[in-house]
Each structure stands twice: as structure tokens, then as C-alpha cells.
Amino acid sequence: MLRIPARVLAVILFLSAQAALAEGHGAQEGVAPDAALKMLRDGNQRYATSAVNPRHYRAERPKLTKGQKPYAIVLSCADSRVPPEIVFDESLGRLFVIRVAGNVAGPGEIASIEYAAEHVGARLLLVLGHASCGGVAAAMSPEDPTPNLAALLKEIRPAVDTARAKGVDKDHLAAEAVKENVRLQLKNVTERSELLKKMAAEGHVGTAGAVYDLASGKVEWLAP
Ligand SMILES: [Zn+2]
């Protein structure tokens, strides 16, 4: 049997621990924002090309009973065609997902993001919009069908105004408004949360914006 001297073994264990920390796995502070972004990119690539990982939910559930350690927070639209766990080929316990029509960052959504960043260690926030978003389309109309919808659309309308101010032609206005809405909600998250503003400034939490295409299944990553 191969015998490894204790001192050599200690060095090997130390280096393994360092490698794990560098990768962001097993580190107390969670997966680094850059690494988390790459995991989302790779997952969407698998989903869009039908090379998805097999899932074993029954085997996974017992491992998650003592806690959760999702590597990313996703604020996405409630649209039934855009489920983040599927779009990023992820499983239980991997993504902390908040869904609301138009992916707006109101108090409830921001409180959820704060919780995920401060207490469960997720270090990347992705705001995910999508093509043909009903919430954004409704915000392009001046009508407010109900008081509740009015409150929601009020959050999206500044993005529609920004898209219009860019002089985009009528056919592309909705798509541009979807992108601007992602940027607006990202801005709102940090402007409306001292905690997240601080965590972002310290580099502890990173942010990203993206738009999902219903037909191709691909996510277009937006420049900040
Ligand atoms: Zn939508």
C-alpha cells in the first residue's frame, strides 16, 4: 500500500483546499461573481443546444434539507416560457430565483435579493428580461387597467421612455424597451438598497443583465 508521509499529506490537503477556495467551491463566502456568471453562460449553452445534464431530484433532495447555497440570484419575469432553472440547465438549490411580471425591482423583490446576498451567500445577481414581454408591452400603453397593474407598470415606464428617446424605430421599440428595463431594474436594485450598494461596491456581489430569446433559447448578455 502506498504510504504518504504525514508532512507531504498535509501539503497536499492544504493545496487541495486552496484550489477549492480559488474555484469558489467550498468557500464560506460562496462562488465568486465571475465564476457564477460562467456557470450561467455554460448552462444556457447546454440548454440551447439540448445538451442538458440529467437530473436526479430524488437523490438531490436529502442533501438539501440542512440548507441552501445557491451560487446566483436571478430576478426574472413571471412569464411561463422563461423558467430560470431550465433556461440555465440548473437543479434544486443552485439558483435563488425571484419572479415577477416585467422583472421589476420593488421592495419585496429587493428584500429577497438582500436575503440571498447576505444570508445564503449568492454573489451574483442576474436580471433576466425576455423577448415579447407582456409587462413591457403593457407599459408601452398609457392605460392602467387596475391599480395594482398601474403600480407595476410605473416601474417599467421609465425604461420605455429611455428606449423611445434613443429614436429606435417602431418595429424594434419593444425589444429595446426590454433591454432598457433590465438595465433600469439593475440600477434600481442598488439605488434602493444600501446593503446591496455596499456589497457591490466592495466587490462581494456582482451584477449582470440578459435578455432571453423565446425561439432560440439563447440568452443575450447585455453590456453594463
Ligand atoms: Zn415578461
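Each ligand, and each atom within it, is numbered from 1 in the order the structure gives. Worth saying up front: this structure is predicted, and the values here are computed from it rather than measured.
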Verify same cluster id: Leu128, Val178 (apolar side-chain graph, 4.5 Å):
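Not linked; separate clusters.
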Between [Y] and [X], is the closest basic N to carboxylate O distance under 4.0 Å?
X      : Y      : result
Lys198 : Glu194 : no
Lys38  : Asp42  : yes
Lys166 : Glu176 : yes
Lys63  : Glu60  : no

Between Tyr212 and Glu220, does any side-chain donor sit less than 3.5 Å from a side-chain acceptor?
no
For the Zn ion (ligand 1), every protein N/O/S atom that sits closer than 2.8 Å, waters excluded:
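Protein N, O or S atoms closer than 2.8 Å to the Zn ion (ligand 1): Cys77 SG, His130 NE2, Cys133 SG.
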